[in-house]
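Since we're looking at a predicted model, the values are computed, not measured. Letters A, B, ... mirror the listed sequences (proteins, then strands); counts begin at 1. Atom set for the values below is all heavy atoms of this structure, side chains included, hydrogens, waters and symmetry mates excluded.
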Amino acid sequence: MSITLISKEGAQFLVSKPVADRIGVVRDCAYGADFWLGYAVATDDSMGITLANVTSSILSKILVWCEHYKDMEPLVDGDSNMEFPEWDMAYIGHDMNQILFVLEAADYLHIPGLLLLACKGIADVLDGRNPRGICDLLGIVMDFSHRQEVDMDKENGYWRWFLHPT
Amino acid sequence: MVACDLEPAQAPSEETDVPMSPVRDPSCPPPAFNPQRLPPEVWSLVLSFLPTPALQALRLTSSHLNAIATSLLFRSFKWTSPVSAVGQGAGHKDVQARSERPHLWRWSRRAMIWQTRGQKWNEATAALPQYMHAFLPLLRNVRGVQLRRVHIADQLVRLLQGLEELRDVEFNMCSFGMGEDEVEAYRGKLEWDSMTVQEPRGAYWEHWASCLLLVSPATLRTLRLLGDEYNFSAFIVSAHDALCALDLYVLDIRLVSSHLELCASFLASQSSLRSFKLRVDFLWKADATHLPLPAGALPLLEELYCPCDARLWEALMTSRPLRSFGRYDPVIAEKAANEMVRDALLAIRRASPYPLTIDLPWIDKIDDCFCDMVLPLVPKYTIGITMRVIDELSGDIVRTRLKGMLDGLPNLRSLHILFFRVDPARPRCTLEAKRMQAEVVLHWGYACPDLRTVVLGRTEWVWVGHGEWLAYEKDGADWDTPKAGIRYWYVSPNEWLTKPELRERRMEFWARGMEVDAYDKGSFGFRREVP
């Protein structure tokens, strides 16, 4: 059984059921309550699901991940110490703009494993940068006055002192 | 439409003038992503992967990210009292400096207020200094507070009452000193869900019962009383009759056995109780207890954790059999261990036809008596067994004495055999030792179709399907954090693979939902996900 996914631009992607199952929104749309109740689901190849918020390039990248994880469970929870498989880290890469689009799409499509991986990818890119570098990377305009900045810098100092109270 | 999995089957070509989306020049860079489009909860998830310095840097970027990073940085507040007089003066200044930035403390969700004077056995407690009384109201969104070595008095209770989000309070080595009039003034006004009193201090235990009266019976659901030698009957307050979880941990059984009637009447009043843990160490005697609990007293009890005593067990079980994962954790009974465990297992068999997890007591050795008299009494419906043996068993003993122990347990899902003393000189990882273990585990897997996990000391076996098992041995690391030095092997009824061969089989494990990863130090990581 296959399902056709339609991107924002109208491009169609024919994906197999195990691949589509990785995408929560598609799974819910395609099978509805019957899937969760364990009933047989009658669907055909002509079924098309439009993902209006996902561009073709991002959808094709997401489908690579879904294809990889069609037969195994990805990591879906964890903390800053968790280690992702090498394939995952190579997949997510270091292109911040693309990771952000993937992150947004994973949130929209409800793919918890990919969401976590994208979060890890962004964190890896942000780690070690100074505030100015982060602003440049994310295209953020610093909206603090110099005085506020100095204040917050002091507060960061407070935080260190927090951990080592007198 | 082309049947292709990953490539767009009908990619929009540049020649096509379908106005679905504006045509871009491919040489232009893709549009920049505006980070503010992401919802705050997703940013929180991203920031949870970042270390502290990166969070501090993010605070300085924009007000949007500042709010999210600050909430993560300042969510836990900890204050430890300075010891010296000079330090106490500095402590005053420190806390005053913190008070000048109240906007930071509204992010705190957990507070630890520790006065750490003296050793554990030191009885001394003291009231909080006045500057802390002035500071505490700033933590207005805090949900949990732990107080250590603090004397609980009127002023502090008034402050705690003012923290509207507070739900979980722990008094650790604290003393209670409110008079009757003061208790009456605050009676039932503290709306806490959970209260823990650990190692209570003070000359009169009865004073702590007054502390319980302060908490509203309509909100208190979890009560935990943990300590060395306190008389827990002082905490039994008839005003609280809607507890869901009660955890009593005392080290001296005499303090329990002399108040069993009071304990029984208190338990009988807890019709909502779902979890009851009575942990008593040392000095336990099988004939010391008779809990006069009326039948049907605990209709909702699901989790039970009590000493190895058939009479006590029966008293709790006859109220209603446990519905799911009743836990059974007896204590060391030395010479009479076999008899006590036997009696308790007989009581369980009489009382519970439901799936049960059994936690057997520490025993010195697996002798014939244990194998013949105790193990056959494990109920048929048992789904999990934990056995604790003082000295590590050799592979030979496991094979000769324990191989047939699971033959009558078709529902078993997990078996843990833990050792207290491990002989480092024992040739545990010889091929012969592995083979002996593998033989036993394969037999157990055959006897128990649902068996998925077997822990034998430092080796864990995980079922990977088709009668096959994957074993790995921990080497000083926790089970869930694979580190270098872990050894793996794999066994099926017809096949034996060691680490290098296993490396080649990785793809097969992937196909079954198992993952074996190569790690930096040349070892393997392993995730236990059985399809």
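When each of A:Ile122, A:Val141, A:Leu138 is scored by its heavy-atom pairs under 4.5 Å with chain B, the top score falls to A:Leu138. Considering only heavy-atom pairs separated by less than 4.5 Å from chain B, the leading option among A:Leu59, A:Leu103, A:Leu115 is A:Leu103.
At least one test fails for A:Lys61 against the ring of A:Phe101: distance under 6.0 Å to the centre or angle within 45° of the axis.
Proximity to chain B is absent for every atom of A:Arg132, based on heavy atoms less than 4.5 angstrom apart. In this structure, the portions of B:Leu45 lying under 4.5 Å from any heavy atom of chain A include both its backbone and its side chain. The part of A:Asp107 that comes within reach of chain B is its side chain, from C-beta onward, which places non-hydrogen atoms under 4.5 angstrom from that chain. Looking at A:Leu100, both its backbone and its side chain come within 4.5 Å of chain B, counting heavy atoms on both sides. Looking at B:Leu58, both its backbone and its side chain come within 4.5 Å of chain A, counting heavy atoms on both sides. Both the backbone and the side chain of A:Asp151 come within contact range of chain B, judged by heavy atoms closer than 4.5 Å. Only the side chain of B:Leu65 comes within contact range of chain A, with heavy atoms under 4.5 Å apart.
B:Ser62 and A:Asp143 share no side-chain donor-acceptor pair at under 3.5 Å.
When all heavy atoms are compared, the tightest approach of A:Ile58 to A:Ala105 is CG2-CB, 3.8 Å.
Ring orientation note: the planes of A:Tyr91 and A:Trp87 are close to parallel, at an angle under 30° on the 30°/60° scale.
Sorted by first and then second residue, the salt bridge (charged side-chain N to carboxylate O under 4.0 Å, His left out) pairs involving residues 45-74 of chain B (not counting sequence neighbours) are A:Glu155-B:Arg59.
Contact annotation: the side chain of B:Phe77 never approaches that of B:Met112 to less than 4.5 Å [non-hydrogen atoms, C-beta and beyond].
B:Arg110 is linked by a salt bridge (charged side-chain N to carboxylate O under 4.0 Å, His left out) to nothing, counting only residues two or more places apart in sequence or in another chain.
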